[in-house]
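A short worksheet on the structure shown next.
Proteins come first, then strands; the chains are lettered A, B, ... in the order of their sequence lines, and each starts at number 1.
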Amino acid sequence: MQLEQSPVKRQIHELKVAATLKHIEKVKQFVVSIAEKLEFSPIEMFQIELVVDEAYANAADHGSECSREKEVHIKCIIEGEKLIIIIKDFGGKPFNPDFFERIADKKTWGVGGRGIKIIKEIMDEVMYFFVTGQSTTLYMVKQKRAEGEEGAGSSPSPVIALPFSLDDIPPIPT
Amino acid sequence: MVLLNDNSIGSVNCDVSVAEQINKLTKELEAARKESGALMNACALLNTTLDLQKLLEIILQQSAVLTSAEASSLALIDQKTDELCFEVVVGEKKDILKEIRLPKGTGIIGWVSLKGEPLLIEDVSKDSRFYQKVDEKSQFKTTSILCVPLKTKDGTIGALEVLNKVEGEKFDSNDQSLLMALASQAAMAIENARLYKSVLEERNKIVSIVNSMGDGIIVTNENFDIVLTNPASEAAFGDKASSFEDVFKLKIILSELSQLKSDTTFDLVLMKPENTILSNKMTVLRGADNEITGSIVSMRNITDLKHRENIRAQFTSMMNYKISDQIQRLRESLKNNEISSDGVKCIAESIEEKVNKLIQFSEMESGPLRLDRSLGSIGPVIDSALESVRDKYAFKRIKLNTVCESDVYGMDVEVDRDRIKTILCLLLNNCIKYVSSEGRVDVKIANVSEMLEITVKDDGIGIKEEVLPKLLDKQYHLENVLNSSEASLSLAYIKHVVEAHGGTIKINSEVGKGTEVIITMPKFIH
């Protein structure tokens with residue numbers, strides 16, 4: 001299966017880095033430099049940066065436990081007006097992204113845990129591909145839209161409107 | 001004038017004879033060349049199709065052309081019935097002959113098929129083997145027949161015959177040789193077409209099986225390009241904009257799988273735009289030399305299963321967090337002397353309620369309850385439950401009416417007394433939520449056909465008809481608890497306890513009129 005072999009024209013760019021959070025800026029710059037070719041709006045560029053930040057941190061930190069011996073592969077593909085971002089880590093530790101996305105609505109404790117929710121809010125397509133013991137691949141697509149056109153991440157995200165309040169803890173009588 | 005002597009005459013005669021011979025040989029050679037060309041042409045045509053019906057037509061056309069016959073026909077042995085079946089015949093009557101089936105060994109063609117030897121009959125009227133009825137049906141007058149067997153490596157599969165040489169001529173050994181040569185090639189071509197047909201039928205069978213499967217199936221070739229999919233896999237990757245093979249994320253998946261080169265299990269979580277979770281297995285197909293010839297990817301949709309798991313995980317996470325958060329807040333308030341004894345009681349009750357939810361949840365999750373049954377009268381259990389809610393009822397001025405005849409009060413039952421008390425308390429506490437102040441709740445204990453029947457009836461707000469079927473469903477209540485602190489698992493838990501006692505629970509309700517819960521269970525273990 002050759003990804004290049006298709007009637008659809010695609011530009012494929014790839015970056016491989018050691019699985020450490022030190023490379024997060026390098027990864028963001030790599031994705032941003034390719035996203036710029038599609039002339040996304042400043043807000044969309046910020047959102048893409050945010051998504052890469054969350055996705056790479058998950059891959060390097062949770063996926064690979066920041067092991068320098070493991071790599072994280074980042075692929076950026078331009079297909080027409082679409083930016084496809086693929087982030088693959090080799091930790092091989094499956095998790096349930098659906099759970100994390102759902103719990104993000106209710107979670108008011110601890111730090112983190114909202115990355116997947118943010119990614120889903122911003123991107124147009126999101127898919128996780130787990131091979132237990134081998135790899136986790138996150139596939140995301142951001143479609144460039146005409147000015148004023150509604151799309152993923154164009155409405156204010158409830159994720160960003162944090163923190164949530166607990167509704168069932170009774171007021172403490174003093 | 002030229003004078004010729006005897007010698008010269010002899011010499012001329014000799015020259016003429018040689019010239020005639022040369023001329024004759026040249027004609028024969030030319031005829032042989034033409035026949036050979038026609039035979040090669042006929043054999044080449046046999047290789048142009050794998051469609052059995054078309055192939056038979058070509059064989060018949062070419063056999064008639066090759067032997068200058070008025071008509072030709074072909075019969076194949078039906079392996080199931082052993083009959084001879086006329087597949088096709090060239091000429092105006094071919095439809096009629098297609099319907100003819102002959103018993104084994106019948107007619108000239110039957111004899112040839114049976115013996116596996118060719119037969120040349122110049123006058124069929126003098127041959128007892130000739131089967132007249134075919135002529136009667138086809139209204140064709142057969143005078144002479146040249147018939148040859150169709151042989152493969154496994155034996156005779158039928159016979160090919162040409163009828164009546166044109167312009168009154170007779171079939172000869174040369175025609176026989178030509179027809180034998182054609183028949184040999186034709187038999188092989190028929191066998192290939194039959195094999196191809198059976199392969200196609202097998203393939204169609206496999207496609208039908210694959211299409212009927214609930215699991216998604218994707219079959220690829222050695223390059224991991226898709227060669228077969230079924231509706232379930234197409235539904236999982238539904239993309240109206242592009243054809244299934246062009247769905248890019250599927251290409252990504254197959255590209256990743258192609259690098260693994262061995263049987264692999266993997267999960268896919270399609271979060272957006274779909275909401276599907278697939279549990280998958282790729283099986284690599286290998287050839288005789290262990291080279292990869294393709295792969296089969298089977299995909300099981302486990303979205304509902306995962307959703308249920310998620311709800312459970314969310315429920316326990318939330319309860320655990322809320323309990324620890326309340327304990328932390330209580331600890332801080334006590335440290336700073338910011339809380340009264342009523343405050344402590346209020347938080348303790350809130351924590352207890354959550355712990356109870358967790359206990360009920362874990363009991364329901366861990367399968368059938370292990371009941372602690374003991375023998376004794378039912379009355380004290382009912383009293384104890386009523387006593388524990390009496391203050392709350394009095395506070396809301398709800399009338400709590402009990403009907404329990406003295407013989408029923410003292411009736412012996414063999415139940416888990418603590419759990420029966422618990423479920424009765426849960427039911428009565430539920431009523432408080434939905435019965436207005438000054439309302440009424442009736443509790444009736446009865447002995448019906450040697451069964452213990454507990455009925456709790458209120459005149460509260462009632463339950464909507466569409467909600468009634470879900471009321472005893474654990475999943476429904478778990479989802480409610482996640483979305484509302486008012487929701488509880490009690491009805492699902494009550495059902496769990498009642499069923500552990502071998503009983504049933506029934507709920508009747510009407511909006512605005514109230515709700516009635518009827519629990520029926522055996523008094524003793526049978």
Side-chain angles (χ1 to χ4, degrees), chain A residues 1-8 10 75 77 79 82 84 86 88 92 94-110 113 116-117 119-141 152 166-174, chain B residues 220 223-226 242 246 248-260 264-277 303 306-307 309-311 313-314 317-318 321-322 324-326 329-330 333 337-340 342-347 349-350 354 482-486:
Chain A
M1 169 63 59
Q2 294 294 316
L3 297 179
E4 293 83 356
Q5 285 176 1
S6 168
V8 183
R10 296 189 182 99
K75 242 183 218 162
I77 302 166
E79 181 193 301
K82 276 197 268 185
I84 300 163
I86 300 165
K88 180 178 181 182
F95 59 95
N96 187 348
D98 193 41
F99 168 75
F100 286 101
E101 190 229 333
R102 284 167 192 270
I103 202 82
D105 274 342
K106 301 174 178 70
K107 191 178 178 193
T108 56
W109 61 96
I116 291 166
K117 179 87 179 165
I119 291 167
K120 195 175 165 189
E121 286 286 337
I122 291 172
M123 302 305 273
D124 294 293
E125 279 184 53
V126 182
M127 175 184 77
Y128 277 91
F129 174 19
F130 300 103
V131 182
T132 308
Q134 295 196 38
S135 63
T136 298
T137 305
L138 170 59
Y139 169 93
M140 303 173 283
V141 178
L166 278 180
D167 55 356
D168 62 339
I169 295 177
I172 299 172
T174 53
Chain B
T220 75
N223 299 320
F224 284 77
D225 296 319
I226 296 170
S242 44
D246 291 333
F248 190 59
K249 59 187 154 202
L250 192 55
K251 289 192 177 203
I252 295 283
I253 294 163
L254 293 173
S255 169
E256 293 281 329
L257 292 175
S258 69
Q259 293 163 29
L260 299 172
T264 307
T265 54
F266 63 99
D267 290 336
L268 289 171
V269 182
L270 296 108
M271 297 187 80
K272 198 178 177 182
E274 311 90 344
N275 182 17
T276 309
I277 304 173
T303 312
K306 284 285 173 189
H307 176 68
E309 279 179 12
N310 280 346
I311 297 290
Q314 282 179 58
S317 295
M318 271 187 66
Y321 163 70
K322 285 177 179 177
S324 14
D325 186 73
Q326 283 184 306
R329 291 170 78 169
L330 183 62
S333 300
N337 282 327
E338 289 173 346
I339 191 163
S340 66
D342 279 352
V344 173
K345 191 183 167 198
C346 182
I347 291 182
E349 280 175 1
S350 175
K354 289 174 182 64
L482 286 176
N483 296 318
S484 161
S485 58
E486 290 295 313

Self-check item: pair A/Val141-B/Phe248: side-chain heavy atoms closer than 4.5 Å
Solution: no

Quiz prompt | OH-CD1 distance between A/Tyr128 and B/Ile277, expressed to the nearest 0.5 angstrom | solution = 12.5 Å

Quiz prompt | Atom pair NZ/CZ of B/Lys251 and A/Arg10 - distance to nearest 0.5 Å | solution = 5.5 Å

Quiz item: Would a distance-only check, ignoring hydrogens and angles, find a side-chain to backbone donor-acceptor pair under 3.5 Å from B/Lys272 to A/Met123?
Solution: yes

Quiz item: Relative to chain A, which segment of B/Gln259 carries a heavy atom at a distance below 4.5 Å: side chain, backbone, both, or neither?
Solution: side chain

Exercise. Can you see which heavy atom on B/Met271 is nearest to which on A/Lys120, and at what distance?
Key: O-CE, 3.2 Å

Self-check item: Which portion of A/Thr137 sits near chain B, non-hydrogen atoms under 4.5 angstrom
Solution: side chain

Quiz prompt | Non-hydrogen atoms of B/Val269 and A/Pro97 that approach each other most closely | solution = CG1-CG, 3.7 Å

Quiz item: So do B/Ile253 and A/Met127 actually touch side chain to side chain, heavy atoms under 4.5 Å?
Solution: yes

Practice problem: Select, from A/Asp124, A/Val126, A/Val131, the one with the greatest count of heavy-atom pairs under 4.5 Å involving chain B. | Solution: A/Val126

Practice problem: Can you tell which part of B/Thr265 gets under 4.5 Å to a heavy atom of chain A, answering side chain, backbone, both or neither? | Solution: backbone

Practice problem: Identify which part of A/Ile84 has an atom lying under 4.5 Å from any heavy atom of chain B, answering side chain, backbone, both or neither. | Solution: side chain

Self-check item: B/Phe266 and A/Phe129 aromatic ring geometry - parallel, tilted or perpendicular at 30°/60° bounds
Solution: perpendicular

